[in-house]
Amino acid sequence: MKKFPPIILFLIIIYSCGHRSIAPSEEYMVLDNVEYVTGFPIEVDLSDAKETGFDVIGLRTFQIMDSILFISRNSSEGFWQFYSMHDRHLLGELLNVGQGPNEFTRSIYSENDFSLVNEGQLQAFAYDMMKGCIYKLDISKSLETEELVIQPLPVNIDKSLFYAKVLDDNTILCRELAGDATCQNRFLIKNGQKQVPEVLDKLNKAVVEDGDDGFTFNVISVLISNKGKYIVEAPVYLNYLNLYTLDGKVSKTVCIDDEIRSISSIANQKIFSRKSTFLHIITYDDFFAVSYSGYSSMEEELGIAKSSQIMMFDYDGKPLAVLNLNILASAFDIDFREGTLYAFSSSTDEFVKYEIKELLRQIVD
């Protein structure tokens with residue numbers, strides 16, 4: 001493990017004053033305050049991967065919720081599975097693909113389509129875009145009774161929305177295509193009313209030239225995770241993160257390189273040569289973390305993409321640590337009780353874990 005002395009730490013995380021001015025615009029999906037990270041105070045090489053002990057077919061993403069492992073998989077029946085973290089046994093399966101009132105038009109495995117809530121009882125909100133409906137599930141009760149406990153939220157959702165995530169009892173964060181599919185509009189449905197806070201309006205300025213090409217539109221698509229009042233966006237091709245609160249008190253862009261990439265510079269590249277940046281994002285109580293690729297889809301197809309990084313930041317946007325993994329982690333999570341990082345690679349179907357107890361002590365304590 002590499003740990004730098006205070007003066008070096010100051011130098012590698014200092015944010016340069018010499019960068020050209022970047023502001024929210026069609027070319028830059030950023031916020032007014034742009035900061036640059038040129039290094040991390042802690043760097044760890046993780047190569048001693050161990051099997052997790054979970055035998056899951058079709059795994060797409062997962063989350064660790066205290067003593068329960070949640071698995072979302074590519075399946076038409078029981079596409080959500082729940083396992084005990086203690087003895088790895090299957091606790092139950094929920095949700096099917098179908099046309100019934102409590103069935104989904106497709107399996108829900110993108111974390112942009114669901115969120116888990118654990119406040120004494122494990123619950124979930126899942127968005128079915130084809131039905132224009134957000135469902136609330138009582139997972140704990142469903143597993144206990146072996147009967148699906150689910151109900152649609154009493155809110156009108158337009159089927160044109162490709163994203164609708166519940167932030168709290170009164171607030172839903174939404175995204176829709178606009179401008180002939182050249183841009184995406186973020187807005188809130190709050191107490192049944194549509195609102196566009198200033199911080200979202202700034203991010204909505206981003207535009208791509210070719211809206212007919214879904215891959216081009218992906219240049220400004222983002223992964224979103226939220227913890228309490230904080231929201232973090234991670235674009236799938238751009239080299240920066242957006243960290244904000246809806247009241248605008250926190251509003252900053254964190255670039256992981258020494259120069260921000262423009263939207264057109266990525267959109268003009270051939271699809272298979274575009275370098276992916278962020279693959280997965282997750283928020284914790286004290287920090288958030290992103291999985292970083294740096295490989296193109298062509299390199300993934302050729303089997304060249306065999307590594308990735310997990311970058312950790314606090315909620316001021318300051319870098320905490322970077323973990324160098326020997327797999328391409330399309331999903332990851334941390335079991336804080338074990339002090340273990342779990343990681344899954346969709347390209348190789350590897351589901352492994354790494355011991356990171358000492359690292360967690362340093363960044364959390």
Side-chain angles (χ1 to χ4, degrees), residues 1-22 28-48 222-223 225 227 230 232-244 250-262 265-266 275-284 286-296 299 305-329 332 334 339 341 343 354-365:
M1 180 179 294
K2 303 174 186 176
K3 189 163 185 179
F4 299 101
I7 184 63
I8 302 299
L9 168 59
F10 173 77
L11 291 173
I12 64 176
I13 68 174
I14 191 170
Y15 302 113
S16 171
C17 296
H19 292 91
R20 58 195 174 91
S21 178
I22 300 292
Y28 298 101
M29 191 168 60
V30 300
L31 297 165
D32 291 322
N33 181 16
V34 180
E35 299 177 342
Y36 296 83
V37 176
T38 58
F40 288 80
I42 300 174
E43 182 174 354
V44 182
D45 295 327
L46 297 178
S47 57
D48 186 20
V222 294
L223 308 168
S225 189
K227 182 67 180 178
Y230 296 99
V232 188
E233 295 192 6
V236 297
Y237 285 115
L238 301 170
N239 64 339
Y240 50 83
L241 304 159
N242 288 312
L243 169 65
Y244 58 91
V250 175
S251 175
K252 65 176 58 178
T253 294
V254 179
C255 179
I256 62 168
D257 294 321
D258 57 5
E259 184 176 355
I260 279 191
R261 298 178 192 169
S262 67
S265 70
I266 306 299
K275 303 285 187 180
S276 297
T277 50
F278 304 109
L279 303 178
H280 189 73
I281 180 170
I282 193 162
T283 47
Y284 302 103
D286 300 306
F287 64 93
F288 67 91
V290 291
S291 173
Y292 178 81
S293 165
Y295 292 104
S296 67
E299 289 171 321
K306 295 182 178 179
S307 62
S308 59
Q309 294 178 306
I310 305 295
M311 299 177 178
M312 299 176 171
F313 301 83
D314 68 18
Y315 287 106
D316 287 323
K318 300 298 188 294
L320 297 176
V322 60
L323 315 182
N324 302 314
L325 274 59
N326 59 347
I327 69 167
L328 185 64
F332 69 91
I334 296 172
L341 172 75
Y354 304 86
E355 192 273 315
I356 58 167
K357 288 181 183 176
E358 179 58 28
L359 169 72
L360 292 176
R361 280 195 209 100
Q362 292 187 57
I363 66 174
V364 174
D365 291 348

Distance from [X] atom [atom1] to [Y] atom [atom2], nearest 0.5 Å?
| X | Y | atom1 | atom2 | result |
| --- | --- | --- | --- | --- |
| I266 | N239 | CD1 | CG | 7.5 Å |
| L243 | F288 | CG | CZ | 5.5 Å |
| I281 | S225 | CD1 | OG | 5.5 Å |

Answer yes or no: is there a side-chain heavy-atom contact under 4.5 Å between [X] and [Y]?
| X | Y | result |
| --- | --- | --- |
| S291 | F278 | no |
| Q309 | I256 | no |
| Y240 | L31 | no |
| M29 | V222 | yes |
| L241 | M311 | no |
| Y230 | T283 | no |
| S276 | V236 | no |

Among residues at least two apart in sequence or on other chains, which ones pass side-chain contact (heavy atoms from CB on, under 4.5 Å) with K306?
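With sequence neighbours excluded, K306 shows a side-chain contact (heavy atoms from CB on, under 4.5 Å) to no residue whatsoever.
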
Taking side-chain contact (heavy atoms from CB on, under 4.5 Å) as the definition, give me every residue that meets it alongside S307, ordered by chain and number, with sequence neighbours left out.
Y295

Please enumerate all residues that pass ring pair (Phe, Tyr, Trp, His ring centres under 6.0 Å) together with [X], with sequence neighbours excluded.
| X | result |
| --- | --- |
| F332 | H280 |
| Y284 | F287, F336 |
| Y237 | none |

With sequence neighbours excluded, residues passing side chain to side chain donor-acceptor pair (under 3.5 Å) with D32
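Once residues adjacent in sequence are excluded, the partners of D32 under the side chain to side chain donor-acceptor pair (under 3.5 Å) criterion are K202.
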
When you measure from the side chain of [X] to the backbone N and O of [Y], does any donor-acceptor pair fall under 3.5 Å?
| X | Y | result |
| --- | --- | --- |
| N326 | S47 | yes |
| S308 | S293 | no |
| T277 | L238 | yes |
| N242 | E233 | no |
| D316 | K318 | no |

Please name the pair of heavy atoms, one in A343 and one in Y354, separated by the smallest distance, quoted to 0.1 Å.
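In terms of heavy atoms, the two residues are closest at CB-CE1, 4.3 Å.
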
So which atom in F313 and which in V290 form the shortest heavy-atom distance, rounded to 0.1 Å?
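Closest pair (atom of F313, atom of V290, distance): CE1-CG2, 4.3 Å.
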
Decide side-chain contact (heavy atoms from CB on, under 4.5 Å) for L341 and L359; before the verdict, give the C-alpha distance in whole Å, the side-chain angles of both, and the deciding distance to 0.1 Å.
CA-CA 11 Å; L341 172 75; L359 169 72; over 6 Å; no

Trace of the side-chain contact (heavy atoms from CB on, under 4.5 Å) decision for T253 with I260
CA-CA 10 Å; T253 294; I260 279 191; 4.3 Å; yes

Looking at I356, L320, D314, which one forms a side chain to side chain contact (heavy atoms under 4.5 Å, CB included) with I363?
L320

Residue from M312, Q362, E358 passing side chain to side chain contact (heavy atoms under 4.5 Å, CB included) with I42:
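By the side chain to side chain contact (heavy atoms under 4.5 Å, CB included) criterion, I42 pairs with just one of M312, Q362, E358: Q362.
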
